[in-house]
Amino acid sequence: MKTGSMIFSLLHVPRFRIQSLANCWGETFHSFSTTCGNNYNVRLLGSRIYGLQGGQRKKWTRPITTNIEGKGSTKSKSIKHEILSETILANATVNVNKRQLDKSQEIQYCDIQQEIAENKDLSSYTVIVFDIETTGFSRENERIIEIALRDLQGGENSTFQTLVNPQCKVPNSHIHGITTHMVNKPGVPRMEDLIPILLQYVRSREKPGGDVIFVAHNARCFDVPFIINELRRYSVEIPPNWLFLDTLPLARELIKSGGTTLSSTSLAALRDLYGIKVDGSAHRAMVDVNALSLILSRLTSDLKLTLSDLVKKSFTESDIINSKNKKKN
DNA sequence: TGCCAGGCCCTCTTTAGGGCCTT
């Protein structure tokens, strides 16, 4: 049995249970390793429960064990790093970081989600903030090594994060702290293994017949082209109900509007402007997702933007391709 | 030998150049 087909079989598990899906994946890998006689581990870093915006605080009881990996990993590293570096084994024991869960309780994304709830015309939208870490800037030559998502409606399974095995060296560990050793392991999912799970996760967050708006900083020029390229590499099309929103033009708009001390449009400058403290290593995907979720709420408030405005400012995969073709011509 | 990411925005702009943003 090939690993790829094995992963696809996971799509048969019920929707809305991505948590179980992750467990199932672990168990599947475990049975697979038993069958093949190989020592496979599962290191899926994601789909944990964050109680946000009215979501219930729950204890995550997925079988896991903690393993700090990488150069210079010490106990003095942040809680976030410990969480992100945990290694999930099919037969290990429970270890939940309650402090991390408590921290997440403090995050509020009320404005946008409230608008979705109150406006029937917008109730079909799902807003997901996401971020990727990569081996470099070139979408053609570099690979994604970490991906994190947060559905702003909160509740159970509102976040998804995982390392990705790029099957190549990681030359820029000094940026994000993710080393070749951490990702180039048989147990870390490759992109081709991850894509069906990722698609299933997003489907589980969608409203019936609704669109999904993916939000990232510099999404148009970096994150989205990377995602498109990775999916195309494995002949997977971007679902037609996926829209993308870039917060970088919103930051430019804020500067143009005046009345702000913001001098740069970087994520770090926006964090500083809004006094958002980084709990963990900046340039790790979920840390940046959490920060951007708060920044999005503040930006839309400052610019007096409604969700309708954000929908108008969003773009599709074909918008990117068309603008590329226009430039070629 | 030359290239090495690429799209957007601004300007000492106008089809060019440079800076910014993402890892």
Side-chain angles (χ1 to χ4, degrees), chain A residues 70-71 80-81 84 128-149 161-184 188 191 214-230 232-233 244-258 260-274 276 278 280-293 295-296 299 303 312-329:
Chain A
K71 199 177 178 183
K80 195 71 195 176
H81 185 80
L84 289 169
I128 293 178
V129 176
F130 80 104
D131 187 44
I132 57 172
E133 303 303 321
T134 69
T135 56
F137 288 126
S138 170
R139 67 195 67 164
E140 300 292 340
N141 304 320
E142 310 292 356
R143 292 292 184 274
I144 293 174
I145 52 173
E146 187 179 40
I147 186 162
L149 298 87
Q161 60 178 322
T162 181
L163 291 174
V164 184
N165 185 344
Q167 298 173 283
C168 64
K169 284 186 179 177
V170 179
N172 56 346
S173 300
H174 61 287
I175 300 292
H176 36 56
I178 300 168
T179 62
T180 303
H181 176 69
M182 287 166 70
V183 291
N184 275 287
V188 176
M191 186 52 76
F214 289 89
V215 184
H217 199 61
N218 204 14
R220 184 180 280 274
C221 299
F222 188 77
D223 300 76
V224 175
F226 252 102
I227 295 286
I228 291 173
N229 272 22
E230 288 282 18
R232 282 191 167 176
R233 209 165 275 137
F244 304 100
L245 177 72
D246 192 346
T247 50
L248 184 60
L250 300 185
R252 289 193 189 114
E253 213 174 303
L254 185 65
I255 291 177
K256 276 176 78 175
S257 70
T260 175
T261 55
L262 187 66
S263 57
S264 158
T265 54
S266 69
L267 195 64
L270 288 164
R271 272 201 312 258
D272 290 344
L273 176 71
Y274 294 127
I276 297 166
V278 174
S281 169
H283 270 309
R284 284 302 294 260
M286 188 50 86
V287 174
D288 286 351
V289 162
N290 287 338
L292 186 61
S293 300
I295 287 167
L296 176 67
L299 266 178
L303 292 168
K312 284 175 196 163
K313 288 175 185 292
S314 67
F315 56 93
T316 62
E317 176 197 16
S318 54
D319 290 331
I320 289 188
I321 293 164
N322 290 342
S323 63
K324 201 175 175 181
N325 290 340
K326 262 186 185 177
K327 199 171 183 183
K328 271 186 185 174
N329 294 334

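Just so you know, these numbers come straight off a predicted model, no measurement behind them. Numbered from 1 within each chain, the chains take letters A, B, ... in sequence-line order.
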Q. Using a cut-off of 4.0 Å on non-hydrogen atoms, how would the nucleic acid contact of D131(A) be classed: base, sugar-phosphate, or nothing?
A. sugar-phosphate
Q: Among the candidates dT23(B), dC21(B), dC8(B), find the nucleotide nearest to the side-chain atoms of R252(A).
A: dC8(B)
**Q.** 5'-most by nearest nucleotide on DNA chain B - A268(A) or C221(A)
**A.** C221(A)
Q) Once you round it to whole Å, what is the distance between P of dT22(B) and CD of E146(A)? A) 16 Å
Q) Considering only heavy atoms from C-beta outward, does the side chain of H217(A) approach that of L270(A) to under 4.5 Å? A) yes
Q) Contact class for I175(A) vs. all strands (heavy atom < 4.0 Å): base, sugar-phosphate, or nothing? A) base
Q | Evaluation steps, salt bridge (Lys or Arg N to Asp or Glu O under 4.0 Å), between E253(A) and K313(A) | A | CA-CA 12 Å; E253(A) 213 174 303; K313(A) 288 175 185 292; 2.9 Å; yes
Q | Nearest-neighbour nucleotide for the R220(A) side chain, dC21(B), dG7(B), dC10(B) considered | A | dG7(B)
Q) Base, sugar-phosphate, or nothing for H283(A), non-hydrogen atoms under 4.0 angstrom? A) base
Q: Could you tell me how the ring of F244(A) sits relative to the ring of F315(A): parallel (under 30°), tilted (30 to 60°) or perpendicular (over 60°)?
A: tilted
Q) Do N172(A) and dT23(B) have a side chain to base donor-acceptor pair shorter than 3.5 Å? A) yes
(Q) Need one value for S264(A): base, sugar-phosphate or nothing, where a base atom within 4.0 Å counts as base even if backbone is also close, heavy atoms only. (A) sugar-phosphate
Q: Decide side chain to side chain contact (heavy atoms under 4.5 Å, CB included) for F226(A) and I144(A); before the verdict, give the C-alpha distance in whole Å, the side-chain angles of both, and the deciding distance to 0.1 Å.
A: CA-CA 8 Å; F226(A) 252 102; I144(A) 293 174; 4.0 Å; yes
Q | Short side-chain N/O contact from T265(A) to OP1 or OP2 of dC21(B), under 4.0 Å | A | yes
Q: Looking at every strand, decide which applies to L267(A) at a 4.0 Å heavy-atom threshold: base, sugar-phosphate, or nothing.
A: sugar-phosphate
